[in-house]
There are 2 protein chains.
Amino acid sequence: MNAFDAQTRPLKRMSLHEELAQKVAELIVGGELEPGSKVPEKELCEAFGVSRTPLREALKVLANDRLISLEPNRGAWVTPITPADVEDIYPVMGVLEGLAGELACARLSDAGIAQIRALHTEMEGQYAARDRAGFIKTNQKIHEAILVGARNETLSAQFQSLAIRVRQARYAAPVSDERWALAFAEHEQMIMCLEARDGAGLARVLRTHLDHKAETVLDWLDQKSS
Amino acid sequence: MNAFDAQTRPLKRMSLHEELAQKVAELIVGGELEPGSKVPEKELCEAFGVSRTPLREALKVLANDRLISLEPNRGAWVTPITPADVEDIYPVMGVLEGLAGELACARLSDAGIAQIRALHTEMEGQYAARDRAGFIKTNQKIHEAILVGARNETLSAQFQSLAIRVRQARYAAPVSDERWALAFAEHEQMIMCLEARDGAGLARVLRTHLDHKAETVLDWLDQKSS
DNA sequence: GCCCGTAATACATAATGCAAAATTAAATAT
DNA sequence: ATATTTAATTTTGCATTATGTATTACGGGC
């Protein structure tokens with residue numbers, strides 16, 4: 001308890017293995033480490049300038065999150081995402097984000113909702129301008145805002161840990177014009193529910209929104225394998 | 001793909017750190033390691049007859065699951081469960097088990113549902129006989145059966161990782177007669193929904209069921225702290 | 001000539017060692 | 001007597017080293 005308490009955060013510098021876990025996760029979702037490929041322990045050690053111990057600790061937690069799989073005495077491999085995984089993961093993300101929507105409807109301030117509306121308006125423009133990259137980015141921000149608005153750390157953590165697993169696929173999957181239109185229409189509904197503070201409605205929309213996203217990703221996985 | 005595929009599983013023996021993580025988790029949920037207390041690295045190494053490296057790897061994954069928290073240069077501590085945690089966790093478990101209910105309704109065979117009905121009947125007897133311990137055990141089996149019936153590994157994993165965090169509190173919290181009666185009534189509804197294959201209804205019941213459980217745990221935490 | 005068994009190599013895993021940080025205990029000053 | 005500083009001990013975190021396991025290459029038997 002000192003005079004700087006207000007300014008100073010507990011300053012939780014990340015421990016080495018946490019930092020490494022994050023970095024390696026970035027490599028995986030970023031595509032630098034391809035699904036199904038081996039995680040080059042030695043190279044990574046050299047690249048990050050650390051010894052094997054902290055890196056291996058990081059790999060253990062990544063394995064726990066199913067981002068990589070550790071085959072005993074064979075090393076670590078980037079777990080490829082299968083259609084079965086997508087079919088399992090998206091419904092779970094659906095109910096989680098549904099809950100987030102419910103909570104956000106109840107807990108978000110009017111100003112908070114207005115902010116999301118602003119993001120939606122921005123996205124509207126990007127849709128009209130056919131700015132796919134911008135659209136995706138703003139889209140992401142809206143979902144993020146809802147998750148934060150739910151004010152539930154456990155919920156956020158669980159959702160993120162699933163989101164990261166499908167992230168590469170999520171972004172890689174091409175979105176057809178029809179699907180894009182559908183996604184936008186669903187976002188319209190989301191905003192309406194949010195402004196009406198209709199939690200149940202928002203939850204419903206978010207679930208189907210994710211169901212549709214799952215379909216997109218599944219289509220892509222199917223055609224990629226064939 | 002060989003002739004023994006039906007009998008042979010990939011034979012995934014656990015690596016040392018996995019086994020240790022499980023053992024330490026058991027110590028925590030079993031109450032041998034009290035919430036808020038320090039995780040005695042050295043003692044555990046000696047107790048399990050392993051060196052520090054694999055144990056510390058295990059601690060990293062337990063920390064990732066929020067079962068313990070690693071304070072840099074201060075060691076590992078069993079994270080105590082707070083009312084805020086319960087308020088965060090139970091709603092999430094609620095939607096997860098709700099989804100499990102929906103999926104189970106759709107995917108469970110008639111025989112599977114009959115099995116759960118049998119468990120319910122068994123529990124009915126235990127309720128009438130005021131066999132609290134037996135009731136809890138059968139109760140657990142029913143919820144487990146629903147989760148398995150959902151046939152969604154991701155869902156199961158996510159649910160279990162949350163359940164383990166509240167497990168000590170869950171079992172320690174005393175259940176009043178009224179709450180017990182309520183829980184039983186809710187189970188009656190669950191069975192009815194399940195046999196009618198009313199997924200949405202089952203989901204609803206399961207969510208409120210967990211909401212009530214959360215209240216029980218919260219009451220206990222509140223009175224314990226005072 | 002092909003398949004199986006054995007040796008060699010490479011690699012993952014676990015144990016130990018060491019330096020740095022924190023906790024404690026003690027001693028001095030207020 | 002209490003508070004603060006300093007010294008000693010313990011503990012932590014990372015690197016190094018050693019051990020065990022799996023894969024590959026090679027030679028002998030069928």
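Naming: A, B, ... by sequence-line order, numbering from 1 per chain.
- Looking at residues two or more places apart in sequence or on another chain, you find a side-chain contact (heavy atoms from CB on, under 4.5 Å) between B:Ala203 and B:Glu102.
- The separation between A:Glu18 atom CD and D:dC14 atom P is 11 Å, rounded to whole Å.
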Polar atom pairs between nucleotides 6-12 of chain D and protein, under 3.5 Å, N or O only, would you list them?
from	atom 1	to	atom 2	distance (Å)
D:dT12	OP1	B:Lys38	NZ	2.6

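- Rounding to the nearest 0.5 Å places CZ of B:Arg132 at 12.5 Å from CG of B:Asn139.
- For A:Asp211, there are no side-chain contact (heavy atoms from CB on, under 4.5 Å) partners, not counting sequence neighbours.
- Considering only side-chain N and O atoms, A:Ser51 lies under 4.0 angstrom from the phosphate OP1 or OP2 of D:dA15.
- Look at CG on A:Leu44: it is 15 Å from C1' on C:dC11, rounded to the nearest Å.
- Between A:Leu70 atom CG and C:dA14 atom P the separation is 11 Å, expressed in whole Å.
- A:Leu55 has its CG atom 13 Å from the C1' atom of D:dC14, to the nearest Å.
- Rounded to whole Å, atom P of D:dA15 lies 14 Å from atom NE2 of A:His17.
- Evaluation of the ring pair (Phe, Tyr, Trp, His ring centres under 6.0 Å) test over residues 136-160 of chain A, restricted to residues two or more places apart or in two chains, returns A:His143-A:His187, A:His143-A:His209.
- B:Gln140 is linked by a side-chain hydrogen bond (donor to acceptor under 3.5 Å, both in side chains) to B:Tyr171, counting only residues two or more places apart in sequence or in another chain.
- Counting to the nearest Å, the P atom of D:dA22 and the CH2 atom of A:Trp77 are 15 Å from each other.
- One interatomic measurement links the two molecules: CG of A:Leu16 to P of D:dA15, which rounds to 7 Å at whole-angstrom precision.
- Shown here are the ring-ring contact (aromatic ring centres under 6.0 Å, His included) partners of B:Tyr90, two or more places apart in sequence or in another chain: there are none.
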